[in-house]
Structures are given as structure tokens and as C-alpha cells.
Enquirer: 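Below are the C-alpha cells for one structure; questions will follow.
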Amino acid sequence: MIQAVRGMKDLLPTEAARWQAIEQLARQVFQCYGFQEIRLPLLERTELFARSIGESTDIVEKEMYTFNDRHGDSLTLRPEATASVVRAFIENHLDQGAGVKKYFTIGPMFRYERPQKGRYRQFHQINCEAFGVDAPELDAELILMLMDLLEKFGLDQVRLIINSLGCPGCRPGFKQDLTEFLARQVEHLCPDCQRRVATNPLRVFDCKSKTCQEMVTAAPTLQEQLCPDCRRHLDRVLELISGFGLSFEVNPRLVRGLDYYTRTAFEVVTTQLGAQDAIAGGGRYNGLVKALGGPDLPAIGFAIGQERLAALLTDSRLGSEPHPFLFIAALGAAARYRGFQLLQEIRKLGLAAEMEFTDRSLKAQMSIADRRKATYVLILGDRELATGEAPLRHMAGGGQETMALAGLAPALARRFAAEEGT
RNA sequence: GUGGGCGUAGCUCAGUCGGUGGAGCACCGGGUUGUGGCCCCGGAGGCCGCGGGUUCAAGUCCCGUCGCUCACCCCA
């Protein structure tokens, strides 16, 4: 048996319906905040990710699906969306025109990681990115929009965590101080953190080892060393999102794994997902557009993990499965042919209709109609073909009436409009 | 990449001391010459993940391997 590739999931009808509902609500909310949808390629030149995410990050070093195409160009299945959005922004000259530019995109990402709960090799993100404005109001707006959306999904057991990662003016100095602090007592760090001192010292703040945790309590924090501009920016963001009944916490230990982030970083976590607890994360990346060859424009964005979000909504009624308005139970070849014609007439009027094409007893066909949750069943046999009238059974009520076959489709359409239509 | 748990019917899972593999749900048919749900009767469905070993005999014990899963790591 050929199985799906490791870490890649089939979305079956029940779950696909929930995903559609998620996307529909997200689109609706994003529209209110002025975000427009864009759709981007899944494949990009490898260089794009190496330059944006960072050469020495785990994502680029060991998690990307990278291969050479038939011309020998190195291509990569995107491990995240921001780099592609920025590339498209620059390439299509979307910076032209006045004001902030806001985009969202929804789709699959690929990372070669060991699968576990809430982590897959093909996973899906709902991404929002905004370009051109450095004002803290934009940071606040984005965070408020994210929380607005999560609230509309009915999520309450979530925590919003905010931090500032500084800027090229203040972060390098801090990073230097921290590295020196850690290097002085490197032998007390766990093996992972000994490696992190060289690769990503900020990550030590995130370590789960008790001894590492104790050590970093004495370490310098970025909060203390933010430059005045970064300090003001963070304070203003916090001030702006306060007063909307939103609870949040500032956590100096929140760090991001991607190199391009500057200043505001935030994450939304839950206790209900196991180890992979972040359902959304994002932040500012003021230097990225320029670093990728575009104009020197500030930007900010976030991503929602769609699998993780969907996992939190399994109990909700989001995404009801469709059911036919009419099921045609036909007995015999002649009736099946007539039923087939009726089926098509009804569908062309926009109603959902189904019938069974195999020779099964009326009882069996009724049973199928019941399981499909059909509203009505039309029973069609030789008798009905002769008289031109057929019984129409209302499944929920159990009542039955006689309908003329001539003009049946429009009659049903009128009834649908009255009973279930808009 | 490292570690733990688990692989038995479509699904969820029993299977004792090694002795001819089961249940519930789902599916098919019947109980109604042409009427669903509830109920009753019957039926179909298994390389017990795969390979090797021990044994008179292996779903069961041992080794290997593959898969799934959870955690580390990383992150959405």
C-alpha cells in the first residue's frame, strides 16, 4: 500500500469543511482591517530563504526541502510565507502608491522536521503582512486584528505574549553582552545551550533545563538595553493595545527563530496543544525589504498555524457538512433514466440533489437518503412514470405528498427558497 | 538527529499460562411485492505491520526492520 509521505496529512470532508469555515471567517475579518489576499508560488529560489530567514537558522540549515531543477537551479519548497510575500512585494513594485500596504495569504509550508502533535512536514499558515509604516499603531492594529479573529473563533484559553527584540542599533550590543555572560559559565549550561551560545544565544532564555533557567535570571536582558527609540516603540504599542479588554504579558524571554525580526515580537500560545503550543506568532522586520533588494521600508506580519487552530476548534459547530435537498429513489431502468433527467434539471436550478445509480431495493435507497440527511426523497417507479405523479417524502417529518413530475424542478426550487433559502 | 509508547477487521479496541482469532460501531442482506431512523435475524470482512529466530506448536516469547505516535530539538 502506498501511504502518504511522512508528516503530510489528508484533509477529509469533515475537517475540510472546518478549514473552509476558518478561512471564510479569516477573510471576513481581514477585509475589515484592509488586508487584501495574494497567492504566491510554493517554490522559490533557495537563495531567498537563505538571505531572509538566516543562513545559520535551523530552518535553513536542516529543515528545507531543497532540490535542483532540470536546469540546475536550486529551488526550495517554502518553509514560511514572509520571504515570498516580501519578494513579490518588491518584484511587483507594490510599494508604489500612498499609505500602508496590507496583504494576507493562506497556504501550505514545508519543513523537514520530525512530526509530532501540532507539527507536520506540510503544514498550513494564514499569513498577514503590512508594509511601509513604522508607527506603533500598525503593530497594535495587527495584534488587535489577530486577537479579534481568535476571539471570533471562540478561543478563550489563549495567552498573548509580547516582547521587543531591539533594532540593529541596540541588539548587537546586547547580544555581545549576553554571549560574554554565557561564555563565562558555559560549563554549567546544558549541551543544547552550549551550542546555542555560538548559534543563537537568545534561545538560552527559552531553555527548559532548570539549571539554564536559573542562570539566565542573572543574565542581562534586552529589555534593560533597548535603545530609547525601541523602548518608546514598545511602550507605545503596549499602551495602544491596552484598554481593549485584552490581557497580555510582556515576556523578555520571548525570542523568535528567524533572523529578520526587529522590535515588536509576539506570540499567542495555548495550554491545550501539547508541546507545540504556539498557534500564532509574528513581529516586525524593518530591514528585510531592503535586505532583499527592495526599498528601505519597514514591515510587520504574523502567521497563524492552521492545523493548530483547527485542532482547537474540533468541538465547535464550524463547518456543517452539506446535505442534499432532494434524493431520488428510482426503481427499475426506466425510472432511473427519468430520475436522471430530473436530477439534472434540479441541479441546474441550484439545488443539491442526489440519486443512487445501482439496482438497490427501495428500502436500501431510503436508508442511503437518510444517512445523507436528505430533506426530501422522491420515489420513482413504473407506476409513477405511468401516472406522471410521484410521492415526495419529507424525511424529518415523515409526511408524504403527491407531486406532478411535470414542473417538479421549479416547484422544488420555490419550496427550497421558502424553507431553506436565503 | 536522539529517546519513550504503540502496530490484531473499514474504525475503536479485547485476546489469560504459547494450543485452530473476538467484541462494539460501521458495511451488506432479510424481517415489509414499493418506504429511512429503533428493534430482531443472518452475512461478509484478518499476511495479527514486515522479516528472521526459539518451539511439536507463536497474535502471544526473542532479535531485526518499517510505520504511527508522543517528547527532546525547533517552531505556526
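Just the heavy atoms: all of them, side chains too, but no hydrogens, waters or symmetry mates, feed the values below. Keep in mind it's a predicted model, so treat the numbers as computed, not measured. Residue numbers begin at 1 in each chain, while the letters A, B, ... track the order of the sequences.
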Enquirer: Going by modelled atom types, is there a donor-acceptor pair between the base of B:G34 and the side chain of A:Arg383 at under 3.5 Å?
Expert: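 By the distance-only test, yes, there is a pair.
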Enquirer: Can you tell me how far P in B:U12 sits from the matching atom in B:U69, rounded to whole Å?
Expert: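 To the nearest whole Å, 12 Å.
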Enquirer: Closest to the A:Arg371 side chain: B:C73, B:G37, B:C27?
Expert: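 Closest of the options to the side chain of A:Arg371: B:C27.
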Enquirer: Please list, by residue number, the residues of residues 40-54 of chain A whose heavy atoms come closer than 4.0 Å to an atom of RNA chain B; answer none if no residue qualifies.
Expert: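 Going residue by residue through residues 40-54 of chain A, none turns out to have a heavy atom under 4.0 Å of RNA chain B.
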Enquirer: Do A:Phe325 and A:Phe416 have ring centroids that are under 6.0 Å from one another?
Expert: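 A:Phe416 vs A:Phe325: aromatic centres under 6.0 Å.
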Enquirer: Let's test your reading of the pairing rules: Watson-Crick or G-U wobble, both distances under 3.5 Å, then write RNA chain B as a dot-bracket string with ( ), [ ], | and dots.
Expert: (((((((..((((.....[..)))).(((((.......))))).....(((((..]....))))))))))))....
Enquirer: How far apart are the closest heavy atoms of A:Glu356 and A:Phe327, and which atoms are they?
Expert: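 So the minimum-distance heavy-atom pair works out to N-CZ, 3.9 Å.
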Enquirer: State, to 0.1 Å, how close A:Tyr33 and A:Asp148 come at their nearest heavy-atom pair, and which atoms those are.
Expert: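 Looks like OH-OD2, 2.8 Å.
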Enquirer: May I ask you to check whether over 12 heavy atoms, not counting those of A:Arg159, lie within 6.0 Å of atom CZ?
Expert: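 Count not over threshold, so no.
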Enquirer: Rounded to whole angstrom, note down the P distance from B:U20 over to B:G10.
Expert: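 That atom pair is separated by 23 Å.
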Enquirer: Grab the two heavy atoms, one from A:Met355 and one from A:Ile328, that are nearest each other, plus how far apart they are.
Expert: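 Here A:Met355 and A:Ile328 meet closest at CB-O, 3.3 Å.
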Enquirer: Aromatic rings A:Tyr65 and A:Tyr112: how do their planes relate, parallel, tilted or perpendicular, breaks at 30° and 60°?
Expert: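 A:Tyr65 vs A:Tyr112 ring planes: perpendicular.
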Enquirer: Give me the atom names and distance for the closest heavy-atom approach of A:Arg236 to A:Glu137.
Expert: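 Shortest heavy-atom contact: NH2-OE2, 3.5 Å.
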Enquirer: Please tell me which of A:Arg111 and A:Leu380 maps to the more 5' nucleotide of RNA chain B, matching each residue to the nucleotide holding its nearest heavy atom.
Expert: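 Nearest nucleotide further toward 5': that of A:Leu380.
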Enquirer: Without hydrogens or angle criteria, can the side chains of A:Glu180 and A:Gln176 be said to hold a donor-acceptor pair below 3.5 Å?
Expert: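 Indeed, the side chains of A:Glu180 and A:Gln176 share at least one donor-acceptor pair under 3.5 Å.
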Enquirer: What interatomic distance, in whole Å, is found between P of B:U60 and the corresponding atom of B:G19?
Expert: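 Going atom to atom, P in each nucleotide, I get 11 Å.
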